[in-house]
Amino acid sequence: MTDHPATLESLRDALDTGAISSRELVEQSLNRVAETDAGLHAFVGLRKEGARADADAADTRRTRGEVRSPLDGIPLAIKDNLVQSGELTRCGSRILEGFVSPYTATAVARLQAAGAILIGRTNMDEFAMGSSTEHSVFGATRNPWDRARTPGGSSGGSATAVAAGIVPGALGSDTGGSIRQPAGFCGIAGLKPTYGRVSRWGLVAFASSLDQIGVLAHTAGDCARLLEAIAGHDPRDSTSLPEPVPRFTEALGGDVSGLVLGLPREYFVEEGVDPEVLNSVRAAVSVLERAGAKVREVSLPHTKYAVATYYLVAMAEASSNLARYDGVRYGRRAEGYDGLTDMYRRSRSEGFGPEVKRRIVLGTYVLSAGYFEAYYRKAQQVRTLLRRDFEQAFRGCDAIATPTSPETAFRLGEKIDDPLRMYLSDVYTVSANLAGIPGISIPCGFVRGLPVGLQLLGRALDESTLLRVADAFQRLTDHHTRVPPQAS
Ligand code: GLN
């Protein structure tokens with residue numbers, strides 16, 4: 001491979017000049033999967049023939065001058081919790097064995113309408129519950145910077161597919177960090193939009209008040225291009241926002257002078273954080289400061305409750321959402337059962353993995369009579385306090401800068417038997433979901449050969465400022481142009 005990863009922008013230019021065809025791009029992507037997937041395991045399904053046919057159609061459109069969008073003819077991948085008509089959807093779970101979706105998610109349909117070519121589906125933690133992709137029935141995805149390590153999760157397959165140069169962009173979902181954390185671990189950009197910015201229709205629900213579809217790519221510019229294609233109101237999702245969608249690409253190429261960046265005091269304490277990660281993030285903030293941004297300390301005083309609050313809310317909602325997998329309507333039904341109750345019990349016992357079961361049990365517990373007030377009600381109250389923390393902080397700054405994760409990619413197996421340690425790795429990302437605000441992670445340095453993510457958080461509906469800052473940073477730095485050594 002070359003030292004610069006192919007971006008969506010560079011591939012679009014190559015298509016525009018006729019240097020390459022969409023069909024050739026798709027063949028390249030499929031060849032990259034064939035070369036890499038035994039080692040990386042980013043994909044759980046490929047649409048080889050479908051993608052080839054779509055690419056030929058895109059090439060025909062181009063010869064007729066009917067190019068639909070900047071994504072037309074570009075190969076992309078989607079996370080395996082986004083449904084596409086006629087395709088298997090597994091969500092990393094045994095319980096969805098054999099489930100072929102009868103419809104297409106709005107975000108996926110919008111990519112198709114823009115002419116993008118969907119080459120396949122990427123690996124993930126079961127029902128997006130996890131931070132490492134190890135909770136996938138298909139086995140873990142590996143980090144292209146070091147295959148003994150996790151790419152992060154739960155959108156680890158999407159992050160690896162982009163980082164390894166298989167596709168220039170992918171869709172993921174982020175309930176508590178599942179786009180930003182794997183983007184950080186894999187040295188790419190990942191954007192979680194404002195809650196409601198992208199329709200959740202056709203996203204398999206994990207925790208409905210937190211789930212949001214977003215994008216992964218090498219650059220903030222490419223994130224803007226992808227988000228423009230998928231954002232916008234959808235009457236089929238009652239939480240989808242009716243607000244008009246700005247042209248996110250217009251935020252690109254701007255400068256940061258005069259913009260105020262807030263550094264939350266509570267995120268820069270040394271406890272439980274790799275000091276080298278903090279140094280990388282501080283150095284990144286200095287780059288923006290030298291480019292004219294003003295930096296000031298802000299406070300998010302309820303941060304210490306964020307992980308506990310997130311896991312209470314997420315598990316409660318998950319226990320309710322996952323009640324629909326009963327062996328009757330979707331996917332896999334146990335064999336040899338004795339009556340209806342036994343069929344439910346066996347189908348669910350055999351179909352769900354240990355992390356999903358843990359969450360269903362805990363979520364049911366916190367919603368149960370007698371405990372509801374102490375846990376779930378309390379968590380909702382603290383959620384309000386966390387949201388107010390951000391409202392207060394954004395009175396004094398335009399964006400907040402933090403590490404994406406307290407450490408770089410950890411080893412596969414390191415936290416799998418210690419759920420609490422796994423949960424604590426989400427300490428910097430979960431608050432944005434609880435508050436519904438947008439966040440982006442971009443590569444900002446390397447520690448011992450592994451990428452570090454800089455997270456930028458913004459006001460609700462202000463993805464544009466995040467993209468402007470992230471794009472300005474990337475024009476001043478070259479971390480995002482490095483190619484992982486173990487990508488083939
Ligand atoms: N790691 C978090 C969890 O396990 C977040 C997952 C996600 O964003 N889907 O819940």
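Ligands are counted one by one from 1 in listed order, and the atoms in each one are counted from 1 as well.
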For Tyr305, is the OH atom crowded, meaning more than 12 foreign heavy atoms sit under 6.0 Å from it? no
Minimum-distance protein heavy atom relative to atom 2 (C) of ligand 1: Asp426 OD2, 3.1 Å
Pairs flagged by side chain to side chain donor-acceptor pair (under 3.5 Å) wherever residues 267-277 is involved - sequence neighbours left out: Asp274-Arg448
Residue Phe372 excluded, over 12 heavy atoms near CZ under 6.0 Å: yes
Based purely on interatomic distance, does Ser178 place a nitrogen or oxygen under 3.5 Å from a nitrogen or oxygen of ligand 1? yes
Tyr423 to ligand 1, any heavy atom closer than 4.0 Å: no
Would you call Glu355 and Arg359 a salt bridge, taking side-chain N to carboxylate O under 4.0 Å as the test? yes
Numbered atoms and elements of ligand 1 in range of Gly130, under 4.0 angstrom, heavy atoms: 1 (N), 2 (C), 3 (C), 4 (O), 6 (C)
Does an N or O anywhere in Phe206 fall below 3.5 Å from an N or O of ligand 1? no
With heavy-atom distances below 4.0 Å as the criterion, list the atoms of ligand 1 near Ser154. 9 (N)
Which residue and atom name correspond to the protein heavy atom nearest atom 5 (C) of ligand 1, and how close is it? Tyr310 OH, 3.3 Å
For ligand 1, which atoms, with element, lie under 4.0 Å from some heavy atom of Ala128? 6 (C), 7 (C), 9 (N)
Tell me which donor-acceptor pairs under 3.5 Å the side chains of residues 169-194 have, and how far apart each pair is, sequence neighbours excluded?
{"unit_1": "Ser173", "atom_1": "OG", "unit_2": "Lys79", "atom_2": "NZ", "d": "2.9"}
{"unit_1": "Ser173", "atom_1": "OG", "unit_2": "Asn81", "atom_2": "ND2", "d": "3.0"}
{"unit_1": "Asp174", "atom_1": "OD1", "unit_2": "Gly177", "atom_2": "N", "d": "2.7"}
{"unit_1": "Asp174", "atom_1": "OD1", "unit_2": "Arg180", "atom_2": "NH2", "d": "2.8"}
{"unit_1": "Asp174", "atom_1": "OD1", "unit_2": "Asn433", "atom_2": "ND2", "d": "3.1"}
{"unit_1": "Asp174", "atom_1": "OD2", "unit_2": "Ile179", "atom_2": "N", "d": "3.1"}
{"unit_1": "Asp174", "atom_1": "OD2", "unit_2": "Arg180", "atom_2": "N", "d": "3.4"}
{"unit_1": "Asp174", "atom_1": "OD2", "unit_2": "Arg180", "atom_2": "NE", "d": "2.9"}
{"unit_1": "Asp174", "atom_1": "OD2", "unit_2": "Arg180", "atom_2": "NH2", "d": "3.4"}
{"unit_1": "Thr175", "atom_1": "OG1", "unit_2": "Asp211", "atom_2": "OD1", "d": "2.7"}
{"unit_1": "Ser178", "atom_1": "OG", "unit_2": "Ser154", "atom_2": "N", "d": "2.7"}
{"unit_1": "Ser178", "atom_1": "OG", "unit_2": "Ser154", "atom_2": "OG", "d": "2.8"}
{"unit_1": "Arg180", "atom_1": "NH1", "unit_2": "Thr429", "atom_2": "O", "d": "3.1"}
{"unit_1": "Arg180", "atom_1": "NH1", "unit_2": "Gln455", "atom_2": "OE1", "d": "2.8"}
{"unit_1": "Arg180", "atom_1": "NH2", "unit_2": "Thr429", "atom_2": "O", "d": "3.1"}
{"unit_1": "Arg180", "atom_1": "NH2", "unit_2": "Asn433", "atom_2": "OD1", "d": "2.7"}
{"unit_1": "Gln181", "atom_1": "OE1", "unit_2": "Gly153", "atom_2": "N", "d": "2.8"}
{"unit_1": "Gln181", "atom_1": "NE2", "unit_2": "Ser131", "atom_2": "O", "d": "2.9"}
{"unit_1": "Lys192", "atom_1": "NZ", "unit_2": "Ile437", "atom_2": "O", "d": "3.1"}
{"unit_1": "Thr194", "atom_1": "OG1", "unit_2": "Leu461", "atom_2": "N", "d": "2.8"}
{"unit_1": "Thr194", "atom_1": "OG1", "unit_2": "Glu463", "atom_2": "OE2", "d": "2.7"}

Pairwise side-chain contact, Leu46 with Val33, heavy-atom cut-off 4.5 Å (strictly under): yes
Below a 4.0 angstrom heavy-atom separation, can you tell me which part of Arg359, side chain or backbone, both or neither, approaches ligand 1? side chain
For the aromatic rings, using the six-membered ring if either is Trp, is the centroid distance between Tyr325 and Phe99 under 6.0 Å? no
Atom indices of ligand 1 within 4.0 angstrom of Asp174 heavy atoms, with elements: 8 (O)
Are Arg482 and Phe446 in a cation-pi contact, defined as NZ or CZ under 6.0 Å from the six-membered ring centre and within 45° of the axis? yes
Going by the order shown, which atoms of ligand 1 are within less than 4.0 Å of some heavy atom of Gly176? 5 (C), 7 (C), 8 (O)
Atom 3 (C) of ligand 1: nearest protein contact (heavy atom, Å): Tyr311 OH, 3.3 Å
May I ask you to decide if the ring planes of Tyr365 and Tyr375 are parallel, tilted or perpendicular, using 30° and 60° as cut-offs? tilted
Considering only heavy atoms, does Thr175 approach ligand 1 within less than 4.0 Å through its side chain, its backbone, both, or neither? both
